[in-house]
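Residue numbering restarts at 1 for every chain, and letters A, B, ... go by the order of the sequence lines.
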Protein chains: 2
Amino acid sequence: MLAARCRRAYLGAMGTHHHPINDTAALKDAARTQLIDRGEQWTEMRATVFEALATFDSPASAYDIAEEVSRRRGKRVAANSVYRILDLFVGANLARRVESANAYVANEHPGCLHDCIFLICDQCGKATHIDDDRLTAEVRDVASKAGFKAARPVIEVRGRCGECER
Amino acid sequence: MLAARCRRAYLGAMGTHHHPINDTAALKDAARTQLIDRGEQWTEMRATVFEALATFDSPASAYDIAEEVSRRRGKRVAANSVYRILDLFVGANLARRVESANAYVANEHPGCLHDCIFLICDQCGKATHIDDDRLTAEVRDVASKAGFKAARPVIEVRGRCGECER
DNA sequence: ATCGATAATGTAATGTTGTAACCTTGCACA
DNA sequence: TGTGCAAGGTTACAACATTACATTATCGAT
(Lines give C-alpha, C1' and ligand atoms only; values in the text may rest on other atoms or scores of the structure.)
Protein backbone atom coordinates (compact mmCIF):
# COMPACT_ATOMS: atom_id res chain seq x y z
CA MET A 1 0.00 0.00 0.00
CA LEU A 2 1.12 3.46 -0.84
CA ALA A 3 1.24 5.09 2.54
CA ALA A 4 3.30 2.32 4.09
CA ARG A 5 5.71 2.37 1.21
CA CYS A 6 6.14 6.06 1.54
CA ARG A 7 6.64 5.88 5.26
CA ARG A 8 9.42 3.44 4.72
CA ALA A 9 11.11 5.77 2.28
CA TYR A 10 10.63 8.66 4.64
CA LEU A 11 12.04 6.95 7.69
CA GLY A 12 14.78 5.18 5.84
CA ALA A 13 16.76 8.10 4.50
CA MET A 14 17.04 11.79 5.08
CA GLY A 15 18.09 12.50 1.50
CA THR A 16 16.37 12.84 -1.86
CA HIS A 17 14.19 9.94 -2.81
CA HIS A 18 11.50 9.02 -5.26
CA HIS A 19 8.08 7.57 -5.10
CA PRO A 20 6.65 4.97 -7.43
CA ILE A 21 4.35 6.27 -10.12
CA ASN A 22 0.76 5.19 -9.64
CA ASP A 23 -2.17 4.95 -11.92
CA THR A 24 -5.17 7.02 -11.03
CA ALA A 25 -7.23 4.13 -9.72
CA ALA A 26 -4.62 3.04 -7.20
CA LEU A 27 -4.01 6.63 -6.23
CA LYS A 28 -7.69 7.22 -5.69
CA ASP A 29 -7.93 4.12 -3.59
CA ALA A 30 -5.04 5.22 -1.45
CA ALA A 31 -6.64 8.61 -1.02
CA ARG A 32 -9.91 7.05 0.00
CA THR A 33 -8.22 4.88 2.61
CA GLN A 34 -6.28 7.80 3.94
CA LEU A 35 -9.34 9.98 4.32
CA ILE A 36 -11.37 7.27 5.98
CA ASP A 37 -8.52 6.58 8.38
CA ARG A 38 -8.84 10.16 9.49
CA GLY A 39 -12.50 9.67 10.29
CA GLU A 40 -13.75 11.54 7.26
CA GLN A 41 -16.24 10.34 4.72
CA TRP A 42 -15.37 9.36 1.18
CA THR A 43 -18.38 10.60 -0.75
CA GLU A 44 -19.20 10.59 -4.44
CA MET A 45 -18.50 14.27 -4.56
CA ARG A 46 -15.11 13.92 -2.90
CA ALA A 47 -14.22 11.01 -5.13
CA THR A 48 -15.11 13.03 -8.19
CA VAL A 49 -13.10 16.02 -7.03
CA PHE A 50 -10.13 13.78 -6.38
CA GLU A 51 -10.39 12.08 -9.76
CA ALA A 52 -10.72 15.39 -11.54
CA LEU A 53 -7.74 16.75 -9.68
CA ALA A 54 -5.67 13.68 -10.42
CA THR A 55 -6.32 13.79 -14.13
CA PHE A 56 -4.98 17.28 -14.68
CA ASP A 57 -1.37 17.15 -15.68
CA SER A 58 -0.68 20.63 -14.39
CA PRO A 59 -1.74 22.31 -11.20
CA ALA A 60 -5.44 23.09 -11.52
CA SER A 61 -7.33 26.01 -10.08
CA ALA A 62 -10.39 25.39 -7.97
CA TYR A 63 -12.42 26.75 -10.86
CA ASP A 64 -10.80 24.38 -13.35
CA ILE A 65 -11.68 21.56 -11.03
CA ALA A 66 -15.21 22.81 -10.50
CA GLU A 67 -15.69 22.81 -14.24
CA GLU A 68 -14.35 19.30 -14.66
CA VAL A 69 -16.41 18.03 -11.75
CA SER A 70 -19.48 19.70 -13.19
CA ARG A 71 -18.85 17.91 -16.48
CA ARG A 72 -18.41 14.57 -14.78
CA ARG A 73 -21.49 14.90 -12.61
CA GLY A 74 -23.65 16.38 -15.34
CA LYS A 75 -24.67 19.30 -13.19
CA ARG A 76 -23.25 22.59 -12.09
CA VAL A 77 -20.98 22.34 -9.05
CA ALA A 78 -20.05 25.65 -7.47
CA ALA A 79 -16.48 26.66 -6.79
CA ASN A 80 -17.01 26.99 -3.09
CA SER A 81 -18.00 23.36 -2.77
CA VAL A 82 -14.78 22.48 -4.49
CA TYR A 83 -12.82 24.77 -2.20
CA ARG A 84 -14.27 23.07 0.84
CA ILE A 85 -13.18 19.70 -0.43
CA LEU A 86 -9.78 20.89 -1.54
CA ASP A 87 -9.20 22.36 1.91
CA LEU A 88 -10.09 19.03 3.39
CA PHE A 89 -7.74 17.26 1.00
CA VAL A 90 -4.89 19.60 1.75
CA GLY A 91 -5.45 19.11 5.46
CA ALA A 92 -5.37 15.37 5.00
CA ASN A 93 -2.34 15.44 2.70
CA LEU A 94 -4.28 14.17 -0.29
CA ALA A 95 -3.55 17.32 -2.21
CA ARG A 96 -1.20 20.23 -2.11
CA ARG A 97 -1.69 23.86 -2.88
CA VAL A 98 0.81 25.47 -5.22
CA GLU A 99 0.95 28.98 -3.82
CA SER A 100 2.69 30.64 -6.70
CA ALA A 101 0.06 29.34 -9.11
CA ASN A 102 -3.08 29.60 -6.97
CA ALA A 103 -3.68 26.01 -7.89
CA TYR A 104 -3.77 22.48 -6.57
CA VAL A 105 -2.17 19.15 -7.35
CA ALA A 106 -2.97 15.66 -6.13
CA ASN A 107 -0.44 14.30 -3.69
CA GLU A 108 1.12 11.34 -5.44
CA HIS A 109 1.65 9.57 -2.16
CA PRO A 110 -1.29 10.31 0.08
CA GLY A 111 -0.59 10.27 3.75
CA CYS A 112 3.02 11.24 3.43
CA LEU A 113 3.84 14.47 5.07
CA HIS A 114 7.03 15.70 3.59
CA ASP A 115 7.58 19.36 3.14
CA CYS A 116 7.69 19.42 -0.57
CA ILE A 117 9.45 21.24 -3.32
CA PHE A 118 7.71 22.07 -6.56
CA LEU A 119 9.37 22.93 -9.83
CA ILE A 120 6.88 24.84 -11.94
CA CYS A 121 7.49 25.48 -15.60
CA ASP A 122 6.60 29.00 -16.67
CA GLN A 123 6.34 27.76 -20.24
CA CYS A 124 4.12 24.67 -20.13
CA GLY A 125 2.71 25.14 -16.64
CA LYS A 126 3.53 21.66 -15.45
CA ALA A 127 4.75 21.11 -11.93
CA THR A 128 7.06 18.39 -10.78
CA HIS A 129 7.43 17.44 -7.21
CA ILE A 130 10.64 16.71 -5.40
CA ASP A 131 11.17 15.40 -1.91
CA ASP A 132 14.40 16.35 -0.29
CA ASP A 133 14.08 16.09 3.44
CA ARG A 134 17.59 17.22 4.10
CA LEU A 135 17.04 20.46 2.21
CA THR A 136 13.63 21.19 3.67
CA ALA A 137 15.05 20.50 7.12
CA GLU A 138 17.66 23.15 6.41
CA VAL A 139 14.97 25.63 5.46
CA ARG A 140 13.19 24.94 8.72
CA ASP A 141 16.46 25.24 10.54
CA VAL A 142 17.24 28.64 9.08
CA ALA A 143 13.78 29.82 10.12
CA SER A 144 14.23 28.39 13.55
CA LYS A 145 17.55 30.18 14.00
CA ALA A 146 15.72 33.41 13.26
CA GLY A 147 13.38 32.67 16.17
CA PHE A 148 10.60 31.62 13.87
CA LYS A 149 8.45 28.56 14.37
CA ALA A 150 8.07 27.03 10.92
CA ALA A 151 4.70 25.45 10.30
CA ARG A 152 4.65 25.14 6.56
CA PRO A 153 7.59 25.83 4.28
CA VAL A 154 6.58 26.86 0.78
CA ILE A 155 9.35 25.99 -1.64
CA GLU A 156 8.47 26.45 -5.27
CA VAL A 157 10.94 27.03 -8.02
CA ARG A 158 9.68 28.85 -11.08
CA GLY A 159 11.60 28.34 -14.30
CA ARG A 160 11.80 26.06 -17.32
CA CYS A 161 11.36 22.32 -17.29
CA GLY A 162 13.64 19.97 -19.21
CA GLU A 163 11.10 19.51 -21.98
CA CYS A 164 10.62 23.21 -22.58
CA GLU A 165 14.27 24.07 -22.22
CA ARG A 166 15.22 21.85 -25.13
CA MET B 1 25.42 54.05 -0.99
CA LEU B 2 23.19 51.11 -0.42
CA ALA B 3 23.66 49.17 -3.62
CA ALA B 4 27.42 49.20 -3.41
CA ARG B 5 27.33 48.10 0.18
CA CYS B 6 25.04 45.26 -0.67
CA ARG B 7 27.14 44.20 -3.61
CA ARG B 8 30.10 43.92 -1.34
CA ALA B 9 28.20 41.71 1.05
CA TYR B 10 26.91 39.61 -1.81
CA LEU B 11 30.25 39.05 -3.46
CA GLY B 12 32.13 38.70 -0.26
CA ALA B 13 30.51 35.65 1.23
CA MET B 14 28.27 32.86 0.15
CA GLY B 15 26.73 32.42 3.59
CA THR B 16 24.05 34.10 5.66
CA HIS B 17 24.54 37.80 6.09
CA HIS B 18 22.64 40.86 7.12
CA HIS B 19 21.94 44.24 5.65
CA PRO B 20 21.97 47.52 7.51
CA ILE B 21 18.59 48.88 8.46
CA ASN B 22 17.68 52.05 6.61
CA ASP B 23 15.23 54.76 7.24
CA THR B 24 12.58 55.30 4.61
CA ALA B 25 14.19 58.39 3.12
CA ALA B 26 17.51 56.69 2.47
CA LEU B 27 15.73 53.64 1.16
CA LYS B 28 13.64 55.72 -1.18
CA ASP B 29 16.72 57.48 -2.44
CA ALA B 30 18.45 54.20 -3.11
CA ALA B 31 15.39 52.98 -4.96
CA ARG B 32 15.29 56.12 -7.06
CA THR B 33 18.93 55.75 -8.01
CA GLN B 34 18.48 52.13 -8.83
CA LEU B 35 15.52 52.76 -11.09
CA ILE B 36 17.19 55.64 -12.91
CA ASP B 37 20.28 53.50 -13.43
CA ARG B 38 18.08 51.10 -15.30
CA GLY B 39 16.91 53.84 -17.61
CA GLU B 40 13.49 54.19 -16.03
CA GLN B 41 11.84 57.35 -14.82
CA TRP B 42 11.36 58.17 -11.17
CA THR B 43 8.00 59.93 -11.22
CA GLU B 44 5.86 61.39 -8.47
CA MET B 45 3.53 58.45 -8.80
CA ARG B 46 6.33 55.91 -8.50
CA ALA B 47 7.84 57.72 -5.56
CA THR B 48 4.50 57.72 -3.81
CA VAL B 49 3.95 54.04 -4.48
CA PHE B 50 7.39 53.26 -3.15
CA GLU B 51 6.88 55.35 -0.03
CA ALA B 52 3.51 53.80 0.62
CA LEU B 53 4.94 50.33 0.17
CA ALA B 54 7.86 51.08 2.45
CA THR B 55 5.70 52.33 5.27
CA PHE B 56 3.65 49.17 5.63
CA ASP B 57 5.13 46.91 8.25
CA SER B 58 3.60 43.80 6.71
CA PRO B 59 3.34 42.70 3.12
CA ALA B 60 0.73 44.91 1.48
CA SER B 61 -1.67 43.99 -1.28
CA ALA B 62 -1.86 46.12 -4.40
CA TYR B 63 -5.22 47.33 -3.18
CA ASP B 64 -3.82 48.29 0.22
CA ILE B 65 -1.17 50.26 -1.58
CA ALA B 66 -3.66 51.83 -3.97
CA GLU B 67 -5.66 53.02 -0.99
CA GLU B 68 -2.62 54.50 0.74
CA VAL B 69 -1.42 56.15 -2.46
CA SER B 70 -4.88 57.57 -3.02
CA ARG B 71 -4.80 59.05 0.45
CA ARG B 72 -1.39 60.58 -0.08
CA ARG B 73 -2.19 62.06 -3.47
CA GLY B 74 -5.64 63.23 -2.49
CA LYS B 75 -7.29 61.53 -5.43
CA ARG B 76 -8.37 58.07 -6.40
CA VAL B 77 -5.60 55.92 -7.84
CA ALA B 78 -6.75 52.71 -9.45
CA ALA B 79 -5.35 49.31 -8.63
CA ASN B 80 -4.07 48.68 -12.13
CA SER B 81 -1.82 51.72 -12.00
CA VAL B 82 -0.37 50.34 -8.81
CA TYR B 83 0.07 46.90 -10.33
CA ARG B 84 1.98 48.37 -13.25
CA ILE B 85 4.36 50.12 -10.92
CA LEU B 86 4.73 47.14 -8.61
CA ASP B 87 5.60 44.97 -11.60
CA LEU B 88 8.23 47.49 -12.57
CA PHE B 89 9.58 47.54 -9.04
CA VAL B 90 9.72 43.78 -8.82
CA GLY B 91 11.52 43.65 -12.16
CA ALA B 92 14.03 46.20 -10.91
CA ASN B 93 14.48 44.52 -7.52
CA LEU B 94 12.97 47.44 -5.66
CA ALA B 95 10.20 45.27 -4.33
CA ARG B 96 9.37 41.63 -3.91
CA ARG B 97 6.17 39.75 -4.28
CA VAL B 98 5.22 37.43 -1.45
CA GLU B 99 3.45 34.68 -3.35
CA SER B 100 1.80 32.97 -0.44
CA ALA B 101 0.24 36.27 0.66
CA ASN B 102 -0.60 37.87 -2.70
CA ALA B 103 1.25 40.88 -1.41
CA TYR B 104 4.35 42.98 -1.81
CA VAL B 105 7.20 44.23 0.32
CA ALA B 106 9.84 46.84 -0.36
CA ASN B 107 13.27 45.40 -0.94
CA GLU B 108 15.38 46.66 1.92
CA HIS B 109 18.46 46.70 -0.23
CA PRO B 110 17.46 47.81 -3.70
CA GLY B 111 19.56 46.51 -6.51
CA CYS B 112 20.59 43.36 -4.72
CA LEU B 113 19.48 40.26 -6.42
CA HIS B 114 19.55 37.53 -3.86
CA ASP B 115 17.04 34.79 -4.01
CA CYS B 116 15.30 35.51 -0.81
CA ILE B 117 13.63 33.66 1.97
CA PHE B 118 10.58 35.07 3.72
CA LEU B 119 9.30 34.05 7.10
CA ILE B 120 5.65 35.03 7.29
CA CYS B 121 3.78 34.98 10.56
CA ASP B 122 0.29 33.53 10.27
CA GLN B 123 -0.63 35.35 13.46
CA CYS B 124 0.47 38.96 12.99
CA GLY B 125 1.06 38.86 9.26
CA LYS B 126 4.53 40.33 9.40
CA ALA B 127 7.21 39.05 7.10
CA THR B 128 10.89 38.94 7.82
CA HIS B 129 13.44 38.50 5.15
CA ILE B 130 16.47 36.30 5.29
CA ASP B 131 19.35 36.03 2.88
CA ASP B 132 21.11 32.73 2.83
CA ASP B 133 22.87 32.32 -0.45
CA ARG B 134 24.22 28.92 0.44
CA LEU B 135 20.74 27.57 1.07
CA THR B 136 19.14 29.15 -1.96
CA ALA B 137 21.99 27.85 -4.08
CA GLU B 138 21.13 24.39 -2.83
CA VAL B 139 17.54 24.85 -3.85
CA ARG B 140 18.65 25.86 -7.31
CA ASP B 141 20.99 22.93 -7.38
CA VAL B 142 18.29 20.42 -6.54
CA ALA B 143 16.14 21.87 -9.31
CA SER B 144 19.03 21.74 -11.71
CA LYS B 145 19.67 18.08 -10.92
CA ALA B 146 16.08 17.41 -11.88
CA GLY B 147 16.78 18.91 -15.30
CA PHE B 148 15.00 22.11 -14.42
CA LYS B 149 16.29 25.57 -15.19
CA ALA B 150 15.55 27.62 -12.10
CA ALA B 151 14.64 31.20 -12.80
CA ARG B 152 13.05 32.28 -9.57
CA PRO B 153 12.99 30.23 -6.39
CA VAL B 154 10.08 31.04 -4.13
CA ILE B 155 10.98 30.20 -0.55
CA GLU B 156 8.46 31.34 2.01
CA VAL B 157 8.03 29.80 5.40
CA ARG B 158 4.63 30.18 7.01
CA GLY B 159 4.46 29.87 10.78
CA ARG B 160 4.76 31.93 13.95
CA CYS B 161 7.22 34.71 14.53
CA GLY B 162 9.17 35.08 17.76
CA GLU B 163 6.86 37.82 19.02
CA CYS B 164 3.70 35.83 18.49
CA GLU B 165 5.14 32.57 19.72
CA ARG B 166 5.84 34.00 23.16
C1' DA C 1 10.23 77.11 -27.74
C1' DT C 2 7.66 73.67 -30.00
C1' DC C 3 6.84 69.48 -32.12
C1' DG C 4 6.54 64.64 -32.35
C1' DA C 5 7.54 60.23 -30.43
C1' DT C 6 7.21 57.54 -26.61
C1' DA C 7 6.48 56.51 -21.82
C1' DA C 8 3.40 57.01 -17.98
C1' DT C 9 -0.90 57.25 -16.03
C1' DG C 10 -6.09 57.39 -16.05
C1' DT C 11 -10.57 55.17 -16.85
C1' DA C 12 -13.71 51.53 -17.30
C1' DA C 13 -14.74 47.14 -17.63
C1' DT C 14 -14.08 42.49 -16.76
C1' DG C 15 -11.87 38.17 -15.37
C1' DT C 16 -10.16 35.15 -11.70
C1' DT C 17 -9.67 33.52 -7.10
C1' DG C 18 -11.48 32.98 -2.48
C1' DT C 19 -15.06 33.42 1.52
C1' DA C 20 -19.29 33.93 4.15
C1' DA C 21 -23.88 33.09 5.40
C1' DC C 22 -27.54 30.54 5.26
C1' DC C 23 -30.46 26.66 3.48
C1' DT C 24 -31.55 21.71 2.21
C1' DT C 25 -30.82 16.91 2.23
C1' DG C 26 -29.87 12.53 3.91
C1' DC C 27 -28.32 9.52 7.29
C1' DA C 28 -27.41 7.66 12.08
C1' DC C 29 -29.25 6.76 16.16
C1' DA C 30 -32.04 7.75 20.43
C1' DT D 1 -40.72 9.46 14.71
C1' DG D 2 -37.85 13.02 15.65
C1' DT D 3 -33.66 15.33 16.08
C1' DG D 4 -28.81 16.17 15.46
C1' DC D 5 -25.14 16.54 12.47
C1' DA D 6 -22.16 16.39 8.39
C1' DA D 7 -22.15 17.24 3.47
C1' DG D 8 -23.25 19.80 -0.05
C1' DG D 9 -26.17 23.55 -2.55
C1' DT D 10 -27.21 28.49 -3.34
C1' DT D 11 -26.41 33.13 -3.33
C1' DA D 12 -23.89 36.90 -2.64
C1' DC D 13 -19.88 39.25 -2.25
C1' DA D 14 -14.87 40.33 -1.23
C1' DA D 15 -10.20 40.28 -2.79
C1' DC D 16 -6.88 39.94 -6.35
C1' DA D 17 -5.50 40.75 -11.21
C1' DT D 18 -5.70 41.98 -16.17
C1' DT D 19 -7.14 44.13 -20.59
C1' DA D 20 -8.17 47.74 -23.84
C1' DC D 21 -8.15 52.07 -24.85
C1' DA D 22 -7.94 57.25 -23.82
C1' DT D 23 -5.33 61.01 -22.01
C1' DT D 24 -1.37 63.35 -20.22
C1' DA D 25 3.55 63.98 -19.21
C1' DT D 26 8.37 63.77 -20.55
C1' DC D 27 12.25 64.24 -23.41
C1' DG D 28 15.07 64.69 -27.28
C1' DA D 29 15.54 66.74 -31.83
C1' DT D 30 15.02 70.71 -34.37
Whole angstrom is fine here: how far is it from [atom1] in [X] over to [atom2] in [N]?
X: A:Leu86; N: D:dG8; atom1: CG; atom2: P; answer: 12 Å
X: A:Trp42; N: D:dA6; atom1: CH2; atom2: C1'; answer: 17 Å
X: B:Glu99; N: C:dG18; atom1: CD; atom2: P; answer: 12 Å
X: A:Tyr83; N: C:dT17; atom1: OH; atom2: P; answer: 7 Å
X: B:Arg97; N: D:dT18; atom1: CZ; atom2: C1'; answer: 13 Å
X: B:Met45; N: C:dT11; atom1: CE; atom2: P; answer: 11 Å
X: B:Gln41; N: C:dT9; atom1: CD; atom2: P; answer: 7 Å
X: A:Asn102; N: D:dT18; atom1: CG; atom2: P; answer: 10 Å

Worksheet item: Between B:Asp87 and A:Gly39, which is nearer to the 5' end of DNA chain D once each is assigned its nearest nucleotide?
Response: A:Gly39
Worksheet, complete the sentence: Interatomic distance, CZ@B:Arg46 vs CD@B:Glu51, rounded to 0.5 Å, equals 14.5 Å
Practice prompt. Calculate, to the nearest 0.5 Å, the distance between atoms CD1 and CD1 belonging to A:Ile155 and A:Ile130 respectively.
Written response: 10.5 Å
Practice prompt. Check whether more than 12 heavy atoms from other residues, nucleotides or ligands sit under 6.0 Å from atom CD of B:Glu67, and answer yes or no.
Written response: no
Worksheet item: Should we count CD of A:Glu165 as having more than 12 external heavy atoms under 6.0 Å?
Response: yes
Practice prompt. Give a yes or no answer on whether the side chain of A:Arg158 reaches the backbone of A:Ser100 with a donor-acceptor pair at less than 3.5 Å.
Written response: yes
Worksheet item: Within the side chain of B:Thr48, is there an N or O that forms a donor-acceptor pair under 3.5 Å with the backbone of B:Val69?
Response: no
Which atom pairs link the protein and nucleotides 21-30 of chain C when you take only N or O atoms and keep those under 3.5 Å?
none

Can a side chain N or O of [X] be found less than 4.0 Å away from OP1 or OP2 on [N]?
X: B:Arg76; N: C:dG10; value: no
X: B:Thr43; N: C:dT9; value: yes
X: B:Ser81; N: C:dG10; value: yes

Discussion item. According to a hydrophobic-cluster definition based on side-chain heavy atoms being under 4.5 Å apart (Ile, Leu, Val, Met, Phe, Trp, Tyr only), do A:Tyr63 and A:Val105 belong together?
Written reply: no
Worksheet item: Of the residues in residues 51-75 of chain B, which ones touch DNA chain D at a heavy-atom distance under 4.0 Å?
Response: B:Ser61, B:Tyr63
Worksheet, complete the sentence: Contacts of B:Glu40 and A:Tyr104 projected onto DNA chain C by closest heavy atom; the upstream (5') one is B:Glu40
Practice prompt. Output, in order, the C-alpha distance, side-chain angles, deciding distance and verdict of ring-ring contact (aromatic ring centres under 6.0 Å, His included) for A:His114 and A:His129.
Written response: CA-CA 11 Å; A:His114 307 280; A:His129 174 204; 7.6 Å; no
Worksheet item: How are the rings of B:Phe89 and B:Phe50 set to each other: parallel, tilted or perpendicular (split at 30° and 60°)?
Response: perpendicular
